[in-house]
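What you see is a predicted model, and the numbers here were worked out from it, not measured in a lab.
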Amino acid sequence: MDLIDKSILQELSKDSRLSMSELGRRVHLSAPAVKERVKQLEEQGTIMQYTTQINDNVLGYSIQCIVEATIKNNRYNDFKLLIQSYSNVDFCYRIAGDACFMLKMNFSSFQSAEATIDELQLYAHTKTHFIFSEVETMKNYLKL
């Protein structure tokens with residue numbers, strides 16, 4: 001991967017809907033040349049998918065939190081099934097350390113957050129961190 005590929009990834013991470021001509025202009029390549037580079041990045045598995053970033057506040061989820069969950073009584077599968085049933089989970093990672101899982105969840109009220117955390121308590125000890133704001137960052141491997 002060279003600096004041009006890194007520039008392409010950086011631009012697409014900001015806006016994956018860029019036209020090939022606009023992307024080419026930003027990385028100083030012709031549209032056909034940048035299209036071929038993007039195709040190669042897709043074929044190599046570097047670009048896995050193009051996504052949409054959703055504003056949870058607009059959808060009524062004004063409360064976001066990170067939940068650390070430490071499984072009780074080896075109930076990993078029960079916990080995973082419960083998490084898969086929720087539509088308000090942005091991500092759930094199995095992690096190493098003091099906790100077993102880390103989740104990002106969205107809620108419309110503190111009451112719904114409390115009810116969900118209570119439900120999780122059947123399977124895991126939880127530690128909840130409410131999110132105040134996000135610090136904009138660029139992934140380290142995309143920095144030039």
Taking Asp78 first and then Lys72, would you say they form a salt bridge - that is, a charged N and a carboxylate O separated by under 4.0 Å?
no
Apply side chain to side chain contact (heavy atoms under 4.5 Å, CB included) to the pair Gln64 and Asn57, showing each step before the final yes or no.
CA-CA 9 Å; Gln64 289 87 38; Asn57 287 321; 4.1 Å; yes
Check for me, please, whether Phe110 and Val67 land in the same ILVMFWY cluster - side-chain distances under 4.5 Å, paths through other members count.
yes
Side-chain contact test, heavy atoms from C-beta onward, threshold under 4.5 Å: evaluate it for Val34 versus Glu11 and give yes or no.
no
Can you check whether Met105 reaches Leu120 side chain to side chain, under 4.5 Å on heavy atoms?
yes
Working for side chain to side chain contact (heavy atoms under 4.5 Å, CB included), residues Asp5 and Thr46:
CA-CA 10 Å; Asp5 287 342; Thr46 302; over 6 Å; no
Just so I know, are the side chains of Asp98 and Thr70 near enough to count as touching, which here means a heavy-atom distance under 4.5 Å?
no
Using a strict 4.0 Å threshold on nitrogen-to-oxygen distance, state whether Glu22 and Arg25 make a salt bridge.
yes
Decide whether Ile71 and Met102 are clustered together by the hydrophobic rule: side chain heavy atoms of Ile, Leu, Val, Met, Phe, Trp, Tyr closer than 4.5 Å, transitively.
no
Pairs involving residues 36-90, ordered by first then second residue, that meet ring pair (Phe, Tyr, Trp, His ring centres under 6.0 Å) (sequence neighbours left out):
Phe79-Phe101
Path from Leu122 to Ile83 over hydrophobic side-chain contacts below 4.5 Å:
yes
Hey, is NZ on Lys104 packed in by over 12 heavy atoms from elsewhere, all under 6.0 Å?
yes
Got Met1 and Leu9 here, is their nearest side-chain heavy-atom distance under 4.5 Å?
yes
Do Leu18 and Met20 sit in one hydrophobic cluster, given that two such residues count as connected whenever their side-chain heavy atoms are within less than 4.5 Å of each other, even indirectly?
yes
Evaluate the criterion side chain to side chain contact (heavy atoms under 4.5 Å, CB included) for residue pair Asn55 and Leu59; output intermediate values, then yes/no.
CA-CA 7 Å; Asn55 184 338; Leu59 297 177; over 6 Å; no
Could you check if a side-chain atom of Ile4 sits within less than 4.5 angstrom of a side-chain atom of His28, using non-hydrogen atoms only?
no
Evaluate the criterion side chain to side chain contact (heavy atoms under 4.5 Å, CB included) for residue pair Leu81 and Gln84; output intermediate values, then yes/no.
CA-CA 5 Å; Leu81 288 172; Gln84 290 169 346; 3.9 Å; yes
Can any side-chain N or O of Asn88 pair as donor or acceptor with the backbone N or O of Asn106 at less than 3.5 Å?
yes
When clusters are formed by joining ILVMFWY residues with side-chain heavy atoms under 4.5 Å apart, either directly or through shared neighbours, do Val89 and Tyr123 land in the same one?
yes
Between the side chain of Thr116 and the main-chain N/O of Ser112, is any donor-acceptor distance below 3.5 Å?
yes
